[in-house]
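Numbering of residues begins at 1 and proceeds along the displayed sequence. The figures that follow rest on heavy atoms only: side chains count, while hydrogens, waters and symmetry mates do not.
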Amino acid sequence: MTALPDTQNATPRHPIAVVTERTGLSQDVLRVWERRYGAVIPVRGPGGQRLYSDADIERLNLLYAATRAGRSISRVAGLSTADLAALVDEDSAARQRRPTAAVAVSQVRDAVGDAMALARALDSASLDETLRRSVATLGISTFIESVAAPLLRLVGDEWHAGHLTLAQEHLVSSLLHDIVAESMRSFTSQNGAPRLLVTTPAGERHAIGAALVGAAAAVEGWNVLYLGPDLPATEIADAAVSASVRLVAVSIVYVEHRDAVIEEMRALRSRLPSTIAVIAGGSGASAIAPELAKIGVRVESSIAGLLAELRRERTAA
């Protein structure tokens, strides 16, 4: 991996607020990228404030473009600015050469098949590489709808049929969650955009569905508050009101105790003002869709259906 360039010779004169304006990265993301990955190394002004050079801003813009294409910040932060620019140009050229629908279908089928084979072999490194390559090739939105969601359904079916072990199922879910969550967090907050809270109800510990929803919503321009799995209704409602969200999306994958899940969703709906809509997704939500509908919770069984709901919500505002 190429060594980082020496950007400290350029005059550092931009405070962090200017950097966020020029790059679209939030201050929180900037600090994480600096502290955890050494993306840039700003100097300190007389008052201790961070100061960035033009070269720093150029580098951050390239890093942001690389992560928006589906690459992990941990994999690109160590590249030189020249190598980053070449990589971003390569990604841009690849998007221009995006294959026809027939070829794309073949790519999706191959990606899902390859991922299943690697999951059976418990080949974590190759599976991670295959999934990330699919994100870079297809884009995060197509990846979520055409690779991640079908792969999760297939893995679930195979596990229930006894053809996959729990370890193999967990491997796929864990890697997909990390990849999708990284992509979701690469989208910075947009002024004036509606806010969406994504989580799972108490007792639901499968976070991957919620992460898929959050990433898909971020692509659609929503500001996403992703809280992970297994939250009680009172906590979800309080967070939604405090954060002034427009919509709460809840992922329900498995329903082990039907009445308990329905009661949690009833409590959530009752604690929220009518101005905040609640949508439930996942195979578990589909299994109790009539009961959820009675308490005012909309159910979407697919990512495509959820995206349609999100678009309607935005245009209705």
*Report yes or no: do Trp222 and Ile276 belong to one cluster of Ile/Leu/Val/Met/Phe/Trp/Tyr joined by side chain heavy-atom distances under 4.5 Å?*
no
_side chain to side chain contact (heavy atoms under 4.5 Å, CB included) between Leu152 and Leu212, worked out_ = CA-CA 11 Å; Leu152 283 172; Leu212 288 175; 3.4 Å; yes
_Counterpart residues, side chain to side chain donor-acceptor pair (under 3.5 Å), relative to Glu291 (two or more places apart)_ = Arg258
*Taking the side chain as every heavy atom from C-beta outward, state whether Ser141 and Val219 have any atom pair closer than 4.5 Å.*
yes
*Answer whether the closest heavy-atom distance between the side chains of Leu227 and Val198 falls below 4.5 Å.*
no
*What are the two closest heavy atoms between Ser251 and Pro201, and how far apart are they?*
O-CD, 3.4 Å
*Between the side chains of Asp54 and His14, is a donor N or O closer than 3.5 angstrom to an acceptor N or O?*
yes
*Using a 4.5 Å cut-off on heavy atoms from C-beta on, say whether the side chain of Phe143 contacts that of Leu176.*
yes
*Do the side chains of Val213 and Leu225 join up, straight or via other hydrophobic residues, at under 4.5 Å, putting them in one cluster?*
no
*Approximate separation, where rounding is to 0.5 Å, of Ser126 OG and Leu118 CG*: 5.5 Å
*Contact check, side chains of Val155 and Met116, non-hydrogen atoms, under 4.5 Å*: yes
*asked:* For residues 119-129, which residue pairs pass the salt bridge (Lys or Arg N to Asp or Glu O under 4.0 Å) check, not counting sequence neighbours?
replied: Arg75-Asp128, Arg120-Glu158, Asp128-Arg132, Glu129-Arg133
*asked:* Side-chain heavy atoms nearer than 4.5 Å, only ILVMFWY residues, links allowed to pass through others: does that put Val147 and Ile179 together?
replied: yes
*asked:* Test of understanding: with side chain to side chain contact (heavy atoms under 4.5 Å, CB included), list the residues that count as partners of Ser244, not counting sequence neighbours.
replied: none
*Minimum-distance pair of heavy atoms, taken over all atoms of Val180 and Ala215*: CG1-CB, 3.4 Å
*Pairs touching residues 253-282 that satisfy ring pair (Phe, Tyr, Trp, His ring centres under 6.0 Å), sequence neighbours left out*: His160-Tyr254, His206-Tyr254
_Checking the side chain of Gln168 only, and the main-chain atoms of Thr165 only, is there a donor and an acceptor separated by less than 3.5 Å?_
yes
*Not counting sequence neighbours, which residues clear side chain to side chain contact (heavy atoms under 4.5 Å, CB included) with Ser283? List them please.*
Val253
*For residues Ala39 and Leu63, report the shortest heavy-atom separation together with the two atoms involved.*
CB-CD1, 3.6 Å
*Compare every heavy atom of Ala277 with every heavy atom of Arg298, then report the nearest pair and how far apart it is.*
NH1-CB, 4.0 Å
*Do you know which two heavy atoms are closest between Val224 and Gly214, and how far apart they sit?*
CG2-O, 3.4 Å
*Evaluate the criterion side chain to side chain contact (heavy atoms under 4.5 Å, CB included) for residue pair Leu131 and Leu151; output intermediate values, then yes/no.*
CA-CA 11 Å; Leu131 294 173; Leu151 177 59; 4.0 Å; yes
*Following the transitive rule for hydrophobic clusters with a side-chain heavy-atom cut-off under 4.5 Å over Ile, Leu, Val, Met, Phe, Trp and Tyr, establish whether Leu127 and Leu122 coincide in one cluster.*
yes
*List the steps and the verdict of side chain to side chain contact (heavy atoms under 4.5 Å, CB included) for Leu197 and Leu247.*
CA-CA 6 Å; Leu197 185 153; Leu247 192 149; over 6 Å; no
*Please check if the side chain of Arg13 supplies one atom and the backbone of Tyr52 the other of a donor-acceptor pair under 3.5 Å.*
no
*Please answer whether the main-chain N or O of Leu292 pairs with a side-chain N or O of Arg269 as donor and acceptor at a distance below 3.5 Å.*
no
*Quick one: does Asp56's side chain have a donor or acceptor within less than 3.5 Å of a partner on Ser53's backbone?*
yes
_More than 12 heavy atoms from other groups under 6.0 Å of CD on Gln49_ = yes
*Contacts of type side chain to side chain donor-acceptor pair (under 3.5 Å), residue Arg36, not counting sequence neighbours*: none
*Taking side chain as C-beta onward, heavy atoms only, is Leu171 less than 4.5 Å from Ser124?*
yes
*Under the side chain to side chain contact (heavy atoms under 4.5 Å, CB included) rule, collect the residues that match up with Ala216, sequence neighbours excluded.*
Ile144, Ile303, Leu307
_Return the CG to NE2 distance between Leu154 and His163, rounded to the nearest 0.5 Å._
11.0 Å
_Residues forming a side chain to side chain donor-acceptor pair (under 3.5 Å) with Arg195, sequence neighbours excluded_ = none
Distance-only criterion, 3.5 Å: show the donor-acceptor pairs between side-chain atoms of residues 228-242 and protein atoms not counting sequence neighbours.
| unit_1 | atom_1 | unit_2 | atom_2 | d |
| --- | --- | --- | --- | --- |
| Asp230 | OD1 | Gly203 | N | 2.6 |
| Ser242 | OG | Asp238 | O | 2.9 |

_Criterion side chain to side chain contact (heavy atoms under 4.5 Å, CB included) on Val250 and Ile279, from CA distance to verdict_ = CA-CA 6 Å; Val250 178; Ile279 297 179; over 6 Å; no
*Under 4.5 Å between any side-chain heavy atoms of Arg246 and Thr275, yes or no?*
no
*asked:* Just verifying a value: how many Å separate Ile288 CD1 and Lys294 NZ, rounded to the nearest 0.5 Å?
replied: 12.0 Å
*Does Leu268 reach the side chain of Glu264, with side-chain heavy atoms less than 4.5 Å apart?*
no
*asked:* If hydrophobic clusters are built from ILVMFWY residues whose side chains come within less than 4.5 Å, do Val297 and Leu196 share one?
replied: no
*Quick one: list whatever passes side chain to side chain donor-acceptor pair (under 3.5 Å) with Ser173, sequence neighbours left out.*
Glu169
*At what distance, to the nearest 0.5 angstrom, does CG of Asn61 lie from CZ of Arg59?*
12.0 Å
*Partner residues of Arg44 under the side chain to side chain contact (heavy atoms under 4.5 Å, CB included) criterion, sequence neighbours left out*: Arg50
*Taking all non-hydrogen atoms of both residues into account, name the closest pair between Met265 and Ala280 and its distance.*
CE-CB, 4.4 Å
_Can you tell me how far apart CH2 (Trp33) and CD1 (Ile73) are? Round to the nearest 0.5 Å._
4.0 Å
*salt bridge (charged side-chain N to carboxylate O under 4.0 Å, His left out) with Arg22: which residues, sequence neighbours excluded?*
none
*For the side chain of Glu34 and the backbone of Val32, is there at least one donor-acceptor N/O pair under 3.5 Å apart?*
no
